[in-house]
Structures are given as C-alpha cells and as structure tokens.
Amino acid sequence: MTLTTKVLVAMGLGIIVGLTINLTGIGVEGSFIDEYIVGGLFYIVGKMFITALKMLVVPLVFFSLIAGVLGIGDVRKLGSVGLKSFGLYMLTTAIAIATAIGLAAVVIPFFSTPTASATAFTGKEAPPISDVLINIIPNNVVDAFASGNMLQIIFFSILLGISLLMVGKKAKSLAEGVEVMNEAMMNMVNIVMSVAPYAVFALLAKAVAELGLDLLAQLAVYVVVLIVALLFHLFGTLMFILKLFSGLSPKRFLTKIRDAQVFAFSMASSNATIPVTLRTVTKRMGVDNSVASFTVPFGATINMDGTAIMQGVATVFIANVYGVDLGISGYLTVILMSVLASIGTAGVPGVGLIMLSMVFVQVGLPVEGIGLILGVDRLLDMVRTSVNVTGDAVVTCVVAKSEDELDETVFTDVNAGLVEELEIDDASEEALAEVVHKVEKG
Ligand code: ASP
C-alpha cells in the first residue's frame with residue numbers, strides 16, 4: 001500500500017470510529033472514552049503530529065526560498081512569479097466568493113430561518129490596509145521567525161537570497177550548503193509524513209466524535225449550500241483555470257493533490273500543510289523549487305478560496321436570518337473585504353470566523369450572528385482548508401508552467417515522488433562519517 005492509500009484508509013477508519021463514539025453517546029463529557037481516548041490518546045497523537053509539521057514550516061520555507069532564489073537563474077523572474085501568483089490568487093479568491101454569494105442568494109431565501117441557538121461571539125475590526133502592507137517587513141527577524149509570520153519570513157528570505165547573489169562566487173559553498181539543508185528538510189517532511197496514517201486517524205476520530213451532529217442538521221441549509229459551493233469551486237472553477245492557463249490534466253492533478261488535501265482536511269490549517277503542499281507540487285507534480293518555494297507559503301497566507309466561499313455563504317445566510325437586505329453594493333463590499341482580509345491573515349484553524357467578523361463590521365451586519373454558525377465551523381473549516389490548499393497548488397502549477405519551470409514528465413508520471421521507504425544508505429553513511437572524522441582531526 002502507498003502512503004496515500006494508507007492515509008485514506010486511516011481517514012475512513014477515523015470517521016467510522018468518530019461516528020460510532022458520537023452516535024452511541026459513549027463519549028459523553030466526563031466518560032472514560034471522552035477523557036482517555038478522545039481527549040487523551042487521540043488528542044495527544046493528533047496534536048503531536050500537527051506540532052511536528054508546524055516545526056518544519058519555518059526552516060523549510062527559509063531554506064527552500066533561499067535555494068529557490070539562488071537557483072532561479074535570473075532575478076527578474078522573481079518579479080514575474082510574484083506578480084503572476086499575486087494576481088491569480090486574488091482572482092481565484094474573488095471568483096470563489098462571487099460564486100458563493102450568487103449561489104447562496106438564490107438558494108437560501110427559499111428556506112425558513114433556522115432556530116439554532118446562538119453562541120456569543122465577539123468580532124474584530126479589520127486592520128487598515130496600511131498596516132497590512134507595513135507588516136510585510138519584519139521589525140525584528142528573530143521575532144518574525146519565532147512567531148512564524150509567513151509574509152515577513154518570505155520577505156527576509158528573498159532579500160537574503162538576493163544579497164547572496166550579489167556576493168557572487170564567494171557564496172558558492174554556502175549555496176551548496178543551503179541546497180543540502182533544503183534536501184534534508186524535505187527528508188524530514190518524509191519522516192513526519194510516514195507516521196501520518198496514525199495521526200490522521202486520531203485527528204479525524206476526535207473531530208467527528210466531537211461534532212455536534214444535531215446542530216449540523218439544524219443548520220443543514222447553510223452547511224449544504226456551503227459544501228456545494230466549495231465542491232463547485234474545487235472541481236469546476238479551479239480545474240477550469242488549471243486547464244485553461246496551463247493545459248495540464250485536471251484528472252492527474254486531482255490524483256496527485258490528494259495527500260495535501262487530506263492533510264489540510266485533518267489539520268484545518270494551510271500553514272501546517274505547507275511542508276506537504278511543497279513536497280506535493282515539487283516532487284509529485286514537477287514544479288521547480290524556484291517557483292514553488294515562493295508560491296506555496298505565499299498562497300498559504302494570502303490565498304483562501306475556501307474561506308472566501310464560506311464568508312459569502314455565511315453573509316447571505318446571516319443577513320437572511322436577521323432580515324437585512326445588503327443590496328448589490330453591500331455584496332460588492334463583502335467581496336472586496338473578503339479578498340483583502342485574506343491577505344493579512346494566516347492560514348490557521350478557525351481564522352475564517354475572524355475574517356468574517358471583519359467583513360460583518362464593514363457591511364454593518366450584527367457580529368453576534370456569527371454565533372449561529374460557530375457550532376458547525378470545525379467541520380466546514382476542514383473542508384474549506386482543503387480547497388484553500390488546492391487553490392495554492394493550482395496557481396503554483398499555472399505560474400510554473402508559464403515560466404517554463406514545470407517538468408511535465410514528472411507531472412504525468414503517476415508514481416513520481418511517492419513517499420518511499422525511509423532508509424539511510426550504509427555506504428554514504430560511512431563515507432560521511434569519514435569526512436566528519438577527517439575534519440575533526442584537522
Ligand atoms: N483554516 C483555514 C486555513 O488554514 C482558514 C479558515 O478558513 O479558517 O486555510
């Protein structure tokens with residue numbers, strides 16, 4: 001069995017176990033199952049795995065970006081990769097939310113308003129655009145790295161890469177070192193991914209066991225419209241964009257993106273999925289690191305198609321509950337605000353709700369309304385994060401293809417870049433030990 005198959009089986013088993021716990025009620029609060037299995041074992045295994053992936057994000061992005069800048073061949077290319085990916089990220093997000101609002105506005109008014117009890121929710125105001133722009137530059141590099149601020153890390157790493165290029169020949173051995181570190185980090189991704197089946201099982205069993213299924217039924221209109229819009233964007237819009245702009249096969253793409261989607265789904269975080277997305281687009285789809293090292297972490301931060309869709313549907317839904325008519329200009333503001341809000345916010349679990357509150361403040365919808373959908377957000381967060389990550393990979397492939405940085409033989413080869421058995425080659429292990437001893441002896 002390949003790792004992908006194992007992970008998919010684990011996902012299925014996790015859902016079955018979670019549902020069993022949920023439906024039979026054996027996991028009620030305070031019970032043994034709740035305390036030691038769901039809140040104990042599943043929680044610990046899942047959390048350890050997410051933390052391990054998060055641990056990889058900053059060094060991986062740092063080394064792969066510097067290696068990417070050094071390997072790009074022509075620095076001017078950086079500008080065109082940056083502009084193209086930014087443009088496409090904004091475009092896909094805007095299309096995503098426009099379709100979502102369109103669909104929701106047609107379907108939702110036909111259903112009576114729900115009676116779900118609202119949970120208190122306090123919102124947040126959107127930061128001014130000036131702040132979003134200023135915050136791209138780190139005040140303090142150590143702080144940027146310590147807090148994992150993706151845009152700041154990208155900014156500094158690219159600048160360092162360019163500065164190394166300016167050093168020229170003297171930087172050769174360092175460039176080789178960075179390349180080696182990048183490869184080592186990718187191996188670390190393989191190591192962490194090899195335990196994924198257990199972790200995915202634990203993450204899903206816990207999430208499903210804790211789902212409020214009755215709440216899900218009460219909010220069925222919202223949930224169904226949202227999921228339909230997400231699937232439409234995933235299989236329709238995004239695949240159309242991939243085919244139109246790159247000519248690549250959507251079918252092959254969908255087979256290969258599965259790992260990244262499952263990871264995004266189980267963790268509900270585009271940021272934590274960066275290592276897997278980066279691995280998928282470079283090793284499985286043949287995108288050169290010089291493009292992917294930039295577009296993937298950039299996309300995880302600024303591109304959130306799935307989240308934008310949720311904002312569109314949620315706005316229509318809650319406006320309907322409160323009987324507010326936003327009108328065309330209101331909806332246009334929602335589109336603009338959602339696109340802007342996605343730029344400054346990181347891809348971490350539940351951030352979509354915070355963005356939604358920014359949108360609500362802007363268009364004058366009651367922020368407490370978000371309390372209505374709070375209870376079902378966890379599941380929807382998982383689905384929309386998979387869409388977010390798929391969008392990042394689509395744009396990465398399109399930009400790479402247009403820059404002639406995509407190896408199509410890798411893309412079409414079904415088996416390219418599958419995670420193999422982890423092994424350390426004995427001969428190279430000995431050879432390296434010898435080198436180290438020699439250096440130590442002077
Ligand atoms: N969890 C999402 C992500 O990481 C963001 C959100 O929609 O809450 O991409």
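We count ligands from 1, going down the list as the structure has it; atoms in each ligand are counted the same way.
- Under a 4.0 Å criterion applied to the non-hydrogen atoms of G352, ligand 1 contributes the atoms 6 (C), 7 (O), 8 (O).
- At a cut-off of 3.5 Å, with distance as the only test, no side-chain donor of T282 or N289 sits close to an acceptor on the other residue.
- Across the listed options G347, S270, S269, G350, S270 owns the non-hydrogen atom lying nearest to atom 9 (O) of ligand 1.
- Pairing each heavy atom of A264 with each of V389, the nearest pair is CB-CG2, 3.7 Å.
- Defined by atom type and a distance below 3.5 Å, a donor-acceptor pair is present between the side-chain atoms of T390 and Q261.
- Numbered from 1 in the order shown, with element, the atoms of ligand 1 that lie under 4.0 Å from a heavy atom of A268 read 1 (N), 4 (O).
- Closest to atom 5 (C) of ligand 1 among all protein heavy atoms lies V351 CG1, 3.4 Å.
- Atom 1 (N) of ligand 1 has D381 OD1, 2.7 Å as its closest protein atom, hydrogens excluded (heavy atom only).
- Two rings, from F145 and F62, have their centers less than 6.0 Å apart.
- Inclusion of R384 in the set of residues having an N or O under 3.5 Å from an N or O of ligand 1 is warranted.
- Side-chain contact between V57 and M150 is present, with heavy atoms from C-beta onward closer than 4.5 Å.
- For the atom pair CG (N415) and OG1 (T2), the distance works out to 9.0 Å, reported to the nearest 0.5 Å.
- Annotation for ligand 1: atoms under 4.0 Å from non-hydrogen atoms of T385 are 1 (N), 2 (C), 3 (C), 4 (O), 9 (O).
- Ligand 1 places these atoms under 4.0 Å from at least one heavy atom of V348: 1 (N), 2 (C), 4 (O), 5 (C), 8 (O).
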